[in-house]
Amino acid sequence: MEVRELHGRPSSPAEAEAIQDRLRPMLELGVPGPVEPRTVAGLDVAYAGDGGGAGTRLAAAVVVLDGTSLEVVEESAAVGTAAFPYVPGLFAFRELPTLLDALRALKTVPDLLVCDGFGVAHPRRFGLACHLGVLTGLPTIGVGKTAFIGAYEEPGPRRGDASPLLDGGEVVGRVLRTRDGVKPVFVSVGHRTDLDTACRNVLDLTPEYRLPETTRRADRLSREALAG
DNA sequence: GCGACAG
DNA sequence: ATCTTGTCGC
């Protein structure tokens with residue numbers, strides 16, 4: 001599939017923040033998302049050795065599943081190097097280049113991208129899921145495993161229980177329990193979808209485990225690609 | 001000023 | 001993210 005080239009690689013945090021600020025107005029928020037996506041892609045990255053600085057070897061993976069059966073439709077992986085050091089808030093710049101390589105090699109154009117991390121639940125409202133949404137033009141959501149920004153109340157104990165993730169006065173995401181009695185995940189919209197649909201999609205993708213099947217598949221593929 | 005801080 | 005043993009539970 002095609003990916004837009006809207007910026008080069010930042011060489012400083014200030015430059016990276018400027019790119020986020022420039023792309024943020026391109027986001028389409030508050031529009032209805034794909035309720036029954038035909039295909040859903042999961043993205044993830046695995047690191048070799050110390051995952052802190054720039055230059056460390058990594059592998060990015062994209063796995064496309066049938067939105068109904070959750071069967072694998074297509075897989076793509078790419079190896080590369082961390083393009084930026086790990087800085088909270090600028091996380092996307094680390095793995096974006098390799099992630100985009102994997103996406104470009106994809107024949108399928110997914111109806112939805114499920115990203116590891118956050119969308120608008122971000123200090124400047126432009127997390128990895130937003131970034132990938134603007135570059136691909138596709139609906140995207142972010143599913144984080146741990147809290148980043150925002151305050152929330154512990155959701156109920158059952159699958160489907162949720163509570164709003166609040167930053168300042170605004171709802172930036174939702175803390176969603178995907179399975180009975182397990183730690184909740186943090187869902188936020190990235191591009192061209194709404195929070196209700198995003199959470200609906202995440203529940204549809206978690207029939208058995210805490211994390212979306214897309215994320216689990218991509219995680220496994222990225223580790224394999226890294227190993228060789 | 002001091003912590004906290006997606007992966 | 002990654003480094004890592006044992007351990008509790010289905």
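From a predicted model like this one, the values you see are computed outputs, not experimental measurements.
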Between CG of A/Leu132 and C1' of B/dA6 the distance, given in whole Å, is 13 Å
From NZ of A/Lys145 across to C1' of C/dA1 the rounded distance in Å is 9 Å
Contact class for A/Leu128 (heavy atom, under 4.0 Å): base, sugar-phosphate, or nothing? base
To the nearest angstrom, the CG-C1' distance between A/Leu96 and B/dG7 comes to 13 Å
* To do: May I ask you to say what A/Gly142 touches in the nucleic acid, namely base, sugar-phosphate or nothing, with a heavy-atom cut-off under 4.0 Å?
  => nothing
Problem - Atom CD of A/Glu153: over 12 foreign heavy atoms under 6.0 Å - result: no
**Report entry** Per-pair stack call A/Phe91 and B/dG7, 5.5 Å, 30°
**Finding:** no
Rounded to whole Å, the CG-C1' distance (A/Leu43 to B/dA6) equals 15 Å
In this structure, CG of A/Leu113 is separated from NE2 of A/His191 (nearest 0.5 Å) by 10.5 Å
From the list A/Val171, A/Val172, A/Ile149, side chain to side chain contact (heavy atoms under 4.5 Å, CB included) partner of A/Leu166 resolves to A/Val171
From CZ of A/Arg174 across to P of B/dA6 the rounded distance in Å is 22 Å
Here the distance between atom C1' of C/dC10 and atom OH of A/Tyr209, to the nearest Å, is 12 Å
When rounded to whole Å, the CZ to P distance for the pair A/Phe186 and B/dC5 reads 11 Å
Regarding the side chain of A/Thr146, the nearest nucleotide among B/dG7, C/dA1, B/dC5 is B/dG7
C/dA1, OP1 or OP2 - any side-chain N/O from A/Tyr86 closer than 4.0 Å?
no
Task: Salt bridge present between A/Glu170 and A/Arg125 (N-O < 4.0 angstrom) - done: yes
Is there side-chain contact between A/Arg94 and A/Leu58, with heavy atoms separated by less than 4.5 Å? no
Separation of B/dA6 atom P from A/Leu165 atom CG, nearest Å, is 13 Å
| query | A/Ala147 near the nucleic acid: base, sugar-phosphate alone, or nothing, with a heavy-atom cut-off under 4.0 Å? | reply | sugar-phosphate
Remember a base hit wins even if backbone is also touched, and classify A/Leu90 as base, sugar-phosphate or nothing at under 4.0 Å, heavy atoms.
base
Would you check if A/Phe118 stacks with the base of B/dA6, given a 5.5 Å centroid limit and a 30° plane limit, both strict? no
Query raised in the report: So what does A/Arg57 touch, heavy atoms closer than 4.0 Å: a base, only the sugar-phosphate, or nothing?
Result: nothing
**Q.** Under 4.0 angstrom between A/Arg94 side-chain N/O and B/dA6 OP1 or OP2
**A.** no
